[in-house]
Amino acid sequence: MSKNEAPASATPTDPARRRFLNTTTLAGIAGAGLTMGLAGCNESGKPTKAAAGGAASAPAAAAGEAVEYSKYEVPPGQLDAYYALSSGGHSGEVRIYGLPSGRLFKRIPVFNIDCLVGWGITNESKKIMGTNADGSLKYFTGDTHHVHPTYTDGTYNGKYIFVNDKIHGRLARVRLDTMECDRITEIPNVQGFHGVFPDKRDPVDANINSTTRVFCGAEFQIPTPNDGHDLDKPENYFALFTCVDAETMEVRYQVKVDGNLDLIATSYDGKLACSNQYNSENGVHYEQMMTAERDACVFFHIERIEAAVKAGKTFRIGNSPVPVVDGRKAANADPKTALTCYVPVPKNPHGVNASPDGKYFACSGKLSPTATLISNELVLKWFDGGLKEPRDTVVAEPEIGLGPLHTAFDNRGNAYTTLFLDSQIVKWNVEAAIKSYQGDKNAKPVVDRIDVHYQPGHGFTSMGETKEADGKFFLSDNKFSKDRFLPVGPLHPETAQLIDISGDKMKLVADHAVYSEPHDSIVIRRDIIKTRQVYDVAEFPNAVKDPKDCRVERNGKKVTVYLTSQAPTFGLREWTVKRGDEVTIILTNHDKVQDLTHGFAIPKYNVNFIVNPGETKSVTFKADKPGVYWAYCTNFCHALHLEMRSRMLVEA
Ligand code: RUQ
Ligand code: CUA
Ligand code: CA
């Protein structure tokens with residue numbers, strides 16, 4: 001789209017459409033018998049005055065206001081100010097965008113098979129993903145929801161990013177220097193592993209001021225162990241909170257809880273992790289999951305949990321070697337020794353986020369039009385026996401609108417919460433919310449709202465999950481795009497909408513189409529990420545170190561082909577194997593120029609992968625089809641790229 005077209009075709013707000021959408025969404029939910037849960041909404045499906053938190057009933061912020069869209073463009077040859085690291089939902093991958101441009105730079109395969117780079121095809125990637133005894137992949141599907149990088153001193157250190165697989169209960173780690181997945185760990189005895197968050201410093205050792213643990217929440221309660229017993233006895237289903245070592249990626253311990261776990265947040269002092277629970281009822285059907293007026297945000301006292309693990313106050317589940325401690329309410333009645341604290345919050349909460357000043361956690365109500373603000377300090381006070389009720393840790397509960405899901409923060413004391421049902425982002429002031437909760441009638445928590453298109457899930461501010469929150473941008477990852485883009489058939493792209501939050505009023509400045517189905521993003525300053533472009537051949541133990549070493553070695557029916565690539569040739573012009581051989585091809589790329597990647601494909605054998613500069617990869621397959629097979633370079637590398645091929649001769 002040309003610069004001149006942008007203002008004309010952009011419709012920053014369209015309240016009429018939003019109202020329509022809003023009503024239909026509610027109608028759908030009402031049809032499902034869910035109206036009971038929607039406190040604060042009237043029949044028309046519009047937020048009531050109360051739900052709007054006394055906010056200006058004025059139309060959404062940007063209406064009528066001219067936005068200088070060109071200010072947010074990244075001209076040719078210029079670089080973006082931020083990376084957005086995003087999960088890819090049930091595509092099983094992680095993606096890297098630039099902001100403010102919204103340009104997609106990379107898709108990082110993690111739990112999925114990807115033939116662009118050969119993920120799930122090469123031996124090295126299969127080893128990371130996990131294989132069965134016969135070498136086939138154990139799982140080749142995944143559902144990535146939450147991406148969170150490692151911290152030092154309360155901000156990102158650019159080392160790793162962690163991402164969950166909700167389907168199979170796995171945690172993956174992606175290196176931020178190469179932006180490739182290097183480890184995947186399967187978590188025992190959980191299902192629906194959803195929330196994930198690294199710690200920000202050690203709970204005990206003040207010298208460790210960076211991430212060493214990753215906390216994982218399990219959303220679905222299951223029998224423990226899930227081996228066929230108690231199949232239809234939901235009262236014996238449980239969920240576990242899991243701690244994984246950030247460096248070794250080994251599971252350290254688990255905590256058995258009442259209710260379920262959804263999103264995870266961690267405190268800046270390293271002492272607490274917490275998780276919202278929407279199914280404190282232990283229901284197995286949705287209507288059972290919304291019977292209680294309040295569910296909870298459960299806090300984990302990490303130091304005490306680890307002391308209990310060390311002291312052996314643990315049990316094991318099934319064949320799992322992982323020690324488990326009991327974090328259920330009944331076992332933790334005395335605050336002074338409790339491992340967990342269940343803070344009651346309104347109905348089926350979703351999303352819990354730590355404020356960048358380290359003081360609060362905001363837990364969204366979802367079926368309640370509120371956000372609950374919980375004080376980090378007061379939770380610690382409860383654990384010290386200084387508060388009567390867990391609920392006394394709540395310092396504010398502003399009414400902000402319908403279907404609140406996730407909250408992000410700026411550096412001026414404001415919170416931005418996505419409102420799924422209202423299709424809005426609401427900006428509310430933390431201090432005003434606290435004053436209002438204390439009874440100050442003049443305090444107006446909600447300061448602004450803006451329409452988004454449509455139905456936002458997560459929203460993220462630039463650097464907003466660090467103490468370096470900069471208050472510049474908010475990105476709204478919406479679950480529906482409807483009519484915002486050229487139609488592309490039944491599966492629509494999603495919309496990521498960029499909002500300038502630097503002023504008093506939020507301004508919608510760009511619609512980015514994103515491939516289905518992003519859940520969560522991290523908006524991270526570009527100077528934090530330091531990538532490398534070229535590998536050192538010596539980094540790979542199986543490297544073919546010199547092009548002169550190219551050869552074929554036979555050991556019975558096992559054949560190893562040692563190959564190199566250097567534009568525009570592979571190290572062997574042809575090689576011969578016999579039908580029935582198990583062939584392993586090891587390919588080292590000896591081109592050391594940045595961006596000089598070669599591909600390697602063999603027809604009819606499902607071989608297709610790339611080698612980046614200096615990199616070595618291998619594949620193993622059975623040569624079961626006699627004939628001539630042209631192995632060729634798939635990645636455009638040279639004027640003679642098409643000529644870059646060799647023959648594999650398979651003798652009958
Ligand atoms: S959850 S839309 Cu998978 Cu992040 Cu809240
Ligand atoms: Cu090598 Cu194309
Ligand atoms: Ca509930």
Side-chain angles (χ1 to χ4, degrees), residues 34 36-37 86-90 143-148 163-167 192-197 217 219 258-265 275-283 285-297 344-353 363-368 403-407 417-420 455-460 476-480 494 517-522 563-570 587 589-591 593 595-601 610-613 631-646:
L34 280 168
M36 295 303 289
S86 176
S87 57
H90 46 91
D143 184 16
T144 61
H145 281 237
H146 300 112
V147 279
H148 291 289
V163 62
N164 73 309
D165 164 24
K166 180 166 167 176
I167 303 177
F193 160 34
H194 191 201
V196 58
F197 218 105
E219 188 181 330
D258 285 323
N260 73 336
L261 304 166
D262 191 11
L263 280 290
I264 301 276
S275 178
N276 64 295
Q277 308 191 295
Y278 64 81
N279 186 15
S280 57
E281 300 90 340
N282 245 34
H285 301 128
Y286 76 84
E287 66 274 16
Q288 298 165 337
M289 299 180 197
M290 38 187 285
T291 50
E293 271 316 306
R294 276 179 178 166
D295 289 286
C297 183
V345 296
K347 219 169 177 83
N348 290 37
H350 185 71
V352 57
N353 298 87
C363 190
S364 299
K366 191 168 77 184
L367 298 189
S368 157
L405 293 184
H406 295 278
T407 301
T417 303
T418 54
L419 300 175
F420 181 80
Q455 257 90 36
H458 278 270
F460 345 90
S476 178
D477 265 2
N478 307 327
K479 299 297 188 194
F480 296 84
E494 314 301 349
E517 212 230 332
H519 281 248
D520 190 13
S521 293
I522 290 300
L563 269 184
T564 56
S565 57
Q566 256 176 323
T569 58
F570 293 112
L587 173 59
N589 184 3
H590 278 262
D591 276 313
V593 182
D595 211 2
L596 223 173
T597 296
H598 295 286
F600 186 85
I610 57 163
V611 274
N612 291 307
Y632 73 98
C633 177
T634 50
N635 197 75
F636 211 108
C637 55
H638 190 274
L640 292 173
H641 158 72
L642 292 175
E643 289 80 352
M644 188 168 174
R645 46 184 163 127
S646 299

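Each ligand, and each atom within it, is numbered from 1 in the order the structure gives.
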Is [X] close enough that one of its N/O/S atoms sits under 2.8 Å from atom 1 (Cu) of ligand 2?
X	value
Met644	yes
Cys637	yes
His598	yes

His406: its N/O/S atom lying closest to atom 5 (Cu) of ligand 1 (atom name) =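 Atom name of the closest N, O or S in His406: NE2.
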
Between [X] and [Y], what is the shortest heavy-atom contact and its length?
X	Y	value
Ser646	Phe570	OG-CB, 3.6 Å
Pro613	Leu596	CG-O, 3.6 Å
His590	Gln566	CB-CG, 3.7 Å

request  = For atom 4 (Cu) of ligand 1, decide whether His458 has an N, O or S atom at a distance under 2.8 Å.
outcome  =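 Yes - counting backbone and side chain alike, His458 has an N, O or S atom under 2.8 Å.
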
request  = Could you tell me whether any N, O or S atom belonging to His519 is less than 2.8 Å from atom 4 (Cu) of ligand 1?
outcome  =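 Given the 2.8 Å cut-off, His519 does not count as a ligand of atom 4 (Cu) of ligand 1.
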
message = Which residue is it: Thr407, Asn276, Leu419? I am looking for the one with a side-chain contact (heavy atoms from CB on, under 4.5 Å) to Ser364.
response =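 Of all the options given, the one that passes is Thr407.
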
inquiry  = Nearest 0.5 Å, please: how far is NE2 in His145 from CD1 in Ile167?
reply    =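 Those atoms lie 8.0 Å apart.
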
query = Looking at ligand 1, does Lys166 have a heavy atom less than 4.0 Å from it?
reply =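 No; Lys166 lies far enough from ligand 1 that no heavy-atom distance drops under 4.0 Å.
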
query = With a cut-off of 2.8 Å, does any N, O or S atom of His145 fall short of it relative to atom 5 (Cu) of ligand 1?
reply =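 Within the cut-off used here (under 2.8 Å), His145 places no N, O or S atom near atom 5 (Cu) of ligand 1.
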
request  = Go through the side-chain N and O atoms of Asp520 and Ser87 and say whether any donor and acceptor fall under 3.5 Å apart.
outcome  =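 Their side chains do not contain a donor-acceptor pair, so the 3.5 Å distance test is not met.
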
